[in-house]
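If you're wondering where the values come from, they're calculated on a predicted model, not measured in any experiment. Computation of the quantities below employed the complete heavy-atom set of this structure, encompassing side-chain atoms and omitting hydrogens, waters and symmetry-equivalent molecules. Per chain, numbering begins at 1; letters A, B, ... match sequence-line order.
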There are 2 protein chains.
Amino acid sequence: MATKARRTDALSRELIIEAAIQILDTDGEDALTLRALTIRLSTGYGALYHHVANKSDLLLAAADDVIARVMTDVAEDAEPRERLRAVALSLFDAINAHPWIGAQLSREPWQPALLEIYESIGEQLEALNVPEQAMFDSAGALVNYILGVAGQNAANARVRAHTEGDRTTSLAAIAAQWAQLDPGKYPRLHKTAAQLREHDDRRQFLAGIELFLAGIETVHRKAENH
Amino acid sequence: MATKARRTDALSRELIIEAAIQILDTDGEDALTLRALTIRLSTGYGALYHHVANKSDLLLAAADDVIARVMTDVAEDAEPRERLRAVALSLFDAINAHPWIGAQLSREPWQPALLEIYESIGEQLEALNVPEQAMFDSAGALVNYILGVAGQNAANARVRAHTEGDRTTSLAAIAAQWAQLDPGKYPRLHKTAAQLREHDDRRQFLAGIELFLAGIETVHRKAENH
DNA sequence: ACCTGAACACCGTTCAAGT
DNA sequence: ACCTGAACACCGTTCAAGT
């Protein structure tokens, strides 16, 4: 039945990373085990460890692989504000398509994928004339916001993988829970249940970016007038 | 040597959660294993599973325990803007003192601890007269920013636990790496190395909150004039 | 009801042995 | 140099058996 044929072509770090990304994308974070990789690549553990230091190294490389591709694909022509939105949305879409990245980005600080993100966000803010001394804080705030959304996204993908039903039904279930919360203890959540059910993640993400942009501009302008 | 005396008083869910928090705080996320808990509480696995559904349930409860305490301790008297800052800083300090919470908050969506956070942030924004229809997006953005910082914080704590040296030395090491980055590929990171070494996490966190507040006010005011 | 602790089904990682 | 796969040291969780 199952072919146990040994692979004929040589294994490589790139092949391993590619296979890892495919497992992560199709079957989720939990499905990526070293054993799953040996099966998919028709090889042994030692072969994997010959090309990759350990599982953490592999995840670092997989995340950077995806993020680096996204960050270089940014439209060059648009107006600065529009370009920042485009970069943010590209990141959001990539994280949406590969939710495991959301968890990975907060696993290891200053990993390659994060450096790519910081550099690109910094570039866009520079084009927006954010002054030098405000740069560090502005970029940090923006990236942390994106990482926060990314993390929540990964968490949502995780539960959706473990339960049946699509986004709409699982959102409806949460909204129903909110509606049943004690209005005395959680008046605002209780009231917001309907909005939660109907909200659009992508739209909401962009609304947050707009708040940031407005804040950055305001603080920047104030600094100019003083 | 090691006393193997069986515990005399009854075990309880509260005792288990308390012990878990202590292990997490003193020895880090990785140190919390079911086995470590049986040793600390002088009990067996079955006893733990009698009071707690599983490890995930335990972590949910531990995080909510800490967050709920923080969220109820908020100063009542201050001016709305000041109170929002106070809530944000309380959260930051709690996450700093218990960095494992940062990881936990993005493990399970809509967990109790997150509900507490959303409700409290919503309350502060309401006091700031954020209009109803802007509430959902504003609170979402703010909370996601906080969660992003929390996650990075947890990641930093994790590496600091696995390597020797305090915050200053590990920051210096990262800064040195940034300084060595190819200025052609990472011009902004390369330039920012010195700032990274000297930055204050808490101050930077608050700067991000200020950007948000400025953005929320600006967008709000614009909506009024239309 | 509450608890004990051996056993089970998994992990990531190592390493002697092969080509 | 590159690879195989048994073995090791761990996990979280279960469950028959005890009080």
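- Following rounding to the nearest Å, L59(B) (CG) and dT13(D) (C1') show an atom-to-atom distance of 15 Å.
- L32(A) comes within 4.0 angstrom of sugar-phosphate atoms only, judged by non-hydrogen atoms across all strands, and of no base.
- You'll find that the side chain of A10(A) is closest to dC3(D), out of dC3(C), dT13(C), dC3(D).
- Across the interface with DNA chain C, nearest-nucleotide mapping of G46(A) and L34(A) shows L34(A) to be the residue nearer the 5′ end.
- Comparing the C1' positions of dC3(D) and dA16(C) gives an interatomic distance of 13 Å, to the nearest angstrom.
- Remark: the backbone N or O of G140(B) is paired with a side-chain donor or acceptor of N144(B) at under 3.5 angstrom.
- If you measure from atom CG of L37(B) to atom P of dG5(C), you get 16 Å, rounded to the nearest angstrom.
- Computed from coordinates, the R35(A) CZ to dA9(C) P distance equals 14 Å when rounded to whole Å.
- In this structure, E210(A) pairs ionically with R85(A), as a charged nitrogen and a carboxylate oxygen lie closer than 4.0 Å.
- Between Y118(A) and W110(A), a ring centre-to-centre spacing shorter than 6.0 Å is recorded.
- For the pair Y45(B) OH and dG18(D) C1', the interatomic distance rounds to 19 Å; values are reported in whole Å.
- In this structure, I16(B) places its CD1 atom 13 Å from P of dT13(D), rounding to the nearest Å.
- Remark: T38(A) is not in phosphate contact with dG5(D), judged by side-chain N or O atoms under 4.0 Å from OP1 or OP2.
- Phosphate contact (OP1/OP2 of dA1(C), side-chain N/O of H51(B), threshold under 4.0 Å): absent.
- Of the possible polar contacts, one joining the T38(B) side chain to the R35(B) backbone as a donor-acceptor pair under 3.5 Å is found.
- The separation of dC2(D) from dA17(C), taken at their P atoms, amounts to 22 Å, rounded to a whole angstrom.
- Between the CG atom of D30(B) and the P atom of dC11(C) there is a distance of 18 Å, given to the nearest Å.
- Counting non-hydrogen atoms of neighbouring residues, nucleotides and ligands closer than 6.0 angstrom, the CZ atom of R167(B) exceeds 12 such neighbours.
- Using N1 to N3 plus N6-O4 or O6-N4 for Watson-Crick, or N1-O2 and O6-N3 for G-U wobble, each under 3.5 Å, dA6(C) pairs with dT14(D).
- Distance from the side chain of T43(B) is smallest to dT4(C) among dT4(C), dT13(D), dG12(C).
- Straight-line distance from the OH atom of Y49(B) to the C1' atom of dC2(C): 17 Å, rounded to whole Å.
- When the nucleotides dC3(C), dT13(D), dG12(C) are ranked by their closest atom to the side chain of K55(A), dG12(C) comes out on top.
- When the P atom of dC2(D) is taken as reference, atom CG of L15(A) falls 14 Å away, rounded to whole Å.
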